[in-house]
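Input: a single structure, listed below in structure tokens.
No experiment lies behind these values; they were computed from the predicted model shown. By convention in this document, chain letters (A, B, ...) are assigned in the order of the sequence lines, proteins followed by strands, and residues within each chain are numbered from 1.
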Number of protein chains: 2
Amino acid sequence: MTLAEPELGVALWRKVADSIERKISDGSYLSGEKLPSETEIANTHRVNRHTVRRALAALAERGLVRAERGSGTYVESARLAYPLRTRTRFSEIVGAGGREPRGRLLTACTEAASKDIARQLKLKPGAPLLRIDGLRLADRIPICLGTTWLPAERFPDAEEIYRRSGSMTRVLAHHGVRDYRRAETRITAAIADAGDAAQLDLRLGSPVLIVEALDVEGDGRPLLAMRSRFAADRVQFVVEQD
Amino acid sequence: MTLAEPELGVALWRKVADSIERKISDGSYLSGEKLPSETEIANTHRVNRHTVRRALAALAERGLVRAERGSGTYVESARLAYPLRTRTRFSEIVGAGGREPRGRLLTACTEAASKDIARQLKLKPGAPLLRIDGLRLADRIPICLGTTWLPAERFPDAEEIYRRSGSMTRVLAHHGVRDYRRAETRITAAIADAGDAAQLDLRLGSPVLIVEALDVEGDGRPLLAMRSRFAADRVQFVVEQD
DNA sequence: ACTTATTTGTTCGTATGTATG
DNA sequence: ACATACATACGAACAAATAAG
């Protein structure tokens, strides 16, 4: 028997790394938790300790785990802490974590308001809306896929300005909105469909966090509605209550 | 060719129902959204409209959709709206939705504080903790699986009282805690593991919302830490910002 | 304060399969 | 065909930090 079997082209340490990563991303190993020792992992996977170390090194490189000599290897919260406050900007949150925020406009078009969105924005169903689909990234890693709906009549230049600046804040400012805030955020989760998986660079079957949010003006009038899908293993929403 | 093929024992309408249910639970059809018309569904699934009606009836029976004559069939928000406030009690939230809250104690034992929990509760690692695992249900439908950790020295009678009353509020009150509130809630999502799936009555691969929460006393001293896993297709967290 | 066991970090050595020229 | 370089994998030993008693 050869000690190093070809194994269909996939390196052994990569399999071990994938196995550990899966357990982290599906919550079997929670953030901060201590992993089994290198020898234990080696035994359960029936590989040499070196192979485990190679796998752990790869995960540590990506910031998923952190080794402490004499103590153990711990799961790092690779998840971006995403505070939900009344005034949260994606770019600020990502920037605060020392990462580089990016956004990519996918599509922008006008469409008629669905019953649901119309109710949220206090418009009549069928009212013209500007719909903007975008992808947001941190350090080139896709974080969320979002759709924003704006009343087309109130924000006639929205598409143009958003296309140029990539900033929703600037779109609103241009139309005279100085002060706006998050009124409500609703969160649930689902499984990534093929489209999500492709754009968020996820495996099929990965969990996504689904966020429905409504931003309003200072006086409470609805401004825009959002529906976003976050790669669940890359973010953790933080609700600070006070 | 026979129009009604046997299809390996699974009724055709059940397949259609499953397909629709999957789209609801994975977020392809969002809550409140209008489904395609019965004839459309019939065409895409290549079945008779009667078969679609049978499928929709089964889903309506379970409260997942609601048909409106002359308008369409809409996705019912089967998801329990779960507000995240400083003072939220599971029983109140469920009761407010006109459903009957229940709780089942799974295990209660003492264990040493992990590094992570110790840091949260501002204790030394290894400090004795009372650990309570419980299942919470609404109308006999499992909603979440939670673990609570309490400092054992501060709450010596906790196990006894929780076992009798099933109420965490009562445990705290007995030890002289009048005022406590939620300090922080962290939310992410993952895939249900075998244990989750069994206890929450989920299919394997279903998404779960993972909540880490910390409750503190009026003066900010940590009281208890919680880790819960919610069936994602049964709840939607609501963060009201003001 | 001390000992002991555990765990990660490091450095040897050996061997095999793959890609390159 | 052959030599070389490289990535992969296993084995053994020891150093250094930590945890537990």
Using both distances under 3.5 Å as the test, list the Watson-Crick or G-U wobble partner of dA1(D), or none.
none
Drop me the distance from Thr148(B)'s OG1 to Leu130(B)'s CG, to the nearest 0.5 angstrom.
9.0 Å
In whole angstroms, how far is the [atom2] atom of [N] from the [atom1] atom of [X]?
X	N	atom1	atom2	value
Leu56(A)	dT7(C)	CG	P	14 Å
Arg49(A)	dT7(C)	CZ	C1'	8 Å
Arg69(A)	dT6(C)	CZ	C1'	14 Å

Under the criterion side-chain contact (heavy atoms from CB on, under 4.5 Å), I'd like the reasoning laid out for Leu135(B) against Leu200(B): C-alpha separation, chi angles, the key distance, then a yes or no.
CA-CA 8 Å; Leu135(B) 180 67; Leu200(B) 290 171; 3.9 Å; yes
Below 4.0 angstrom, N of the basic side chain to O of the carboxylate: do Glu217(B) and Arg154(B) qualify?
yes
Going by an N to O cut-off under 4.0 Å, is there a salt bridge joining Asp179(B) and Arg181(B)?
no
Closer to the 5' end of DNA chain D via nearest nucleotide, is it Trp13(A) or Lys34(A)?
Trp13(A)
Would you kindly compare Glu68(A) and Asn48(A) by the position of their nearest DNA chain D nucleotide and give the one closer to the 5′ end?
Asn48(A)
Considering every strand and a 4.0 Å limit on heavy-atom distances, what is the contact class for Thr73(A): base, sugar-phosphate, or nothing?
sugar-phosphate
Base, sugar-phosphate, or nothing for Arg54(A), non-hydrogen atoms under 4.0 angstrom?
sugar-phosphate
More 5' along DNA chain C: Gly72(A) or His50(A), using each one's nearest nucleotide?
Gly72(A)
Looking only at side-chain atoms of Arg53(A), point me to the closest of dT8(D), dA19(D), dT8(C).
dT8(C)
